Amino acid sequence: MCGLTGFFKPDDMDLDSAENSIRLMTDALIHRGPDDSNTYSDTNSNFYLGHRRLSILDTSQGGLQPMQSQSGNLVISYNGEIYNHRELRNELEQENKLLQWKSSSDTETLLAAFDHWGVKDTLSRLRGMFAIALWDVQKKKLFLIRDRFGEKPLYYGWIQDKKSTVFGFSSELKALRKFPNFSNTLSKTALIQYFSHMYIPCPLSIYEGIFKLEPGCILTISSPPT
C-alpha cells in the first residue's frame, strides 16, 4: 500500500507555501507508505505531486516516487501492483532497444509503457490493481486513473480554502484536509446516502466538491483546471 496526493497551485499562493503544503499532504499518508517519501513540483504549470512509499518489488532508491520517465516527459505517482510488469518489460525491450532500466520496480515499467504506447493502449495491457496520477509535462495534462475493480482508492475535487478554489487529489481525504484553510462543507447528499446504506457510494464523498474516482475511469485535467 502506498499513498499519493497533489494539487494545482492557485495564483495567490507563494512557492514556499505550496512546497510546504505538498509536504504536509504527503506526510498525512505516512501510514500508507512508511518506507519513504518524496515530492515533485512543476512550477511552470503550478503542479505539485507527492508520494508515500511502501517498498515491495524494489526496495532501493531506484523505485522512489514521484518518478520521471527516461524521456523526461512523464511523471508518475501510483499506488498498487502490476502483476504482469515483467512481461510488459520484455515487450518494451523488444520494441525499444534504447531503454535503460534504473530499477526493477513496476513503477518504472508503467512509466516506460505510458511513454511508449500511450495511456489507453498501456491500460488495456495491464493486469493489476492501481490508482495512478500521471503528469504530462509537455502537454500540461494530468491523468487520474483507477483500476477496473476499484481496489485502490482515489479522491479528487475542488478544495475551498476561503480565498480560492484549488483542484486536488489524493488516496485519502485526510491529505486533502491538510491543504491550508481547507473549508469544504459536509455533503448533505452523502450524509443521506450514509444513513440510508451505511456507506457513501461512488462518486460521492463526505465533502461537497470532492468525489471518488469511479472504478475503471480516467479523469483528464488540463492546466490550469477551471
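Just so it is clear, the structure is predicted and the values come from calculations on it, not from any experiment.
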Exercise for the section: Apply salt bridge (Lys or Arg N to Asp or Glu O under 4.0 Å) to Glu87 and Arg125, showing your working. Expected result: CA-CA 10 Å; Glu87 292 93 328; Arg125 298 168 187 257; over 6 Å; no

Would you indicate whether the side-chain heavy atoms of [Y] and [X] approach each other to under 4.5 Å?
X: Tyr78; Y: Met67; answer: no
X: Leu88; Y: Glu91; answer: yes
X: Lys188; Y: Gln193; answer: no
X: Met13; Y: Ser21; answer: yes
X: Ile30; Y: Ser37; answer: no
X: Leu74; Y: Leu134; answer: yes
X: Ile218; Y: Leu123; answer: yes
X: Asn184; Y: Leu176; answer: no

Working to the nearest 0.5 angstrom, can you tell me the gap between [X] [atom1] and [Y] [atom2]?
X: Lys152; Y: Met129; atom1: NZ; atom2: CE; answer: 4.5 Å
X: Ile76; Y: Phe130; atom1: CD1; atom2: CZ; answer: 10.0 Å
X: Ser77; Y: Leu49; atom1: OG; atom2: CG; answer: 4.5 Å
X: Ser69; Y: Leu110; atom1: OG; atom2: CG; answer: 12.0 Å
X: Trp135; Y: Ile221; atom1: CH2; atom2: CD1; answer: 10.5 Å
X: Ile132; Y: Leu126; atom1: CD1; atom2: CG; answer: 6.5 Å

Exercise for the section: Please lay out, stage by stage, how Ser17 and Asp14 fare under the test side-chain hydrogen bond (donor to acceptor under 3.5 Å, both in side chains). Expected result: CA-CA 5 Å; Ser17 295; Asp14 61 57; 3.0 Å; yes

Applying the 4.5 Å side-chain criterion to the ILVMFWY set and letting contacts propagate, would [X] and [Y] be lumped into a single cluster?
X: Phe167; Y: Leu15; value: no
X: Ile192; Y: Phe195; value: no
X: Leu154; Y: Trp158; value: yes
X: Phe182; Y: Leu173; value: yes
X: Phe179; Y: Leu142; value: no

Problem - Residue pair Glu172, Arg177: steps toward the side chain to side chain contact (heavy atoms under 4.5 Å, CB included) verdict - result: CA-CA 9 Å; Glu172 295 186 18; Arg177 290 201 302 266; over 6 Å; no

Handout entry: Any side-chain donor near an acceptor of the partner, Thr39 and Glu19, under 3.5 Å
Key = no

Problem - Donor-acceptor pair between Asp115 and Ser71 side chains, under 3.5 angstrom - result: yes

Practice task
Count the heavy atoms belonging to other residues, nucleotides or ligands that lie under 6.0 Å from CD of Glu95, then report whether that count exceeds 12.
Solution key: yes

Would you check if the side chain of [X] reaches a backbone N or O of [Y] as a donor-acceptor pair within less than 3.5 Å?
X: Ser45; Y: Asp42; result: no
X: Asp106; Y: Ile82; result: yes
X: Gln70; Y: Leu98; result: yes
X: Asn84; Y: Arg127; result: yes
X: Arg32; Y: Cys2; result: yes
X: Thr122; Y: Trp117; result: no
X: His51; Y: Thr5; result: no
X: Ser103; Y: Ser105; result: yes

Practice task
Would you please name every residue forming a side-chain hydrogen bond (donor to acceptor under 3.5 Å, both in side chains) with Gln68, sequence neighbours left out?
Solution key: none

Practice task
Using a strict cut-off of less than 4.0 Å between a Lys/Arg side-chain nitrogen and an Asp/Glu carboxylate oxygen, indicate whether Glu108 and Lys102 qualify as a salt bridge.
Solution key: no

Exercise for the section: Could you go through the salt bridge (Lys or Arg N to Asp or Glu O under 4.0 Å) check for Arg52 and Asp27 one step at a time? Expected result: CA-CA 7 Å; Arg52 288 291 326 189; Asp27 287 347; 3.7 Å; yes

Exercise for the section: Describe, in one word, how the ring planes of Tyr48 and Phe7 are oriented to each other, choosing from parallel (under 30°), tilted (30 to 60°) and perpendicular (over 60°). Expected result: parallel

Exercise for the section: Quick one: sort the Phe47 and Phe169 rings into parallel, tilted or perpendicular, breaks at 30° and 60°. Expected result: parallel

Handout entry: Closest non-hydrogen atom pair between Ile159 and Gly168, with its separation
Key = CD1-CA, 4.2 Å

Exercise for the section: State which residue, out of Val75, Thr107, Leu4, fulfils the side chain to side chain contact (heavy atoms under 4.5 Å, CB included) condition with Pro66. Expected result: Val75

Practice task
List for me each residue that meets salt bridge (charged side-chain N to carboxylate O under 4.0 Å, His left out) alongside Arg146, sequence neighbours excluded, and say none if there are none.
Solution key: none

Practice task
Test Phe114 against Asn73 for side chain to side chain contact (heavy atoms under 4.5 Å, CB included), laying out the working first.
Solution key: CA-CA 10 Å; Phe114 283 133; Asn73 186 48; over 6 Å; no

Please tabulate, one pair per line, all N/O donor-acceptor pairs under 3.5 Å involving side-chain atoms of residues 202-216, not counting sequence neighbours.
residue, atom, partner, partner atom, Å
Ser205, OG, Tyr207, N, 3.1
Ser205, OG, Tyr207, O, 3.2
Ser205, OG, Ile210, O, 2.7
Lys212, NZ, Ile200, O, 2.4

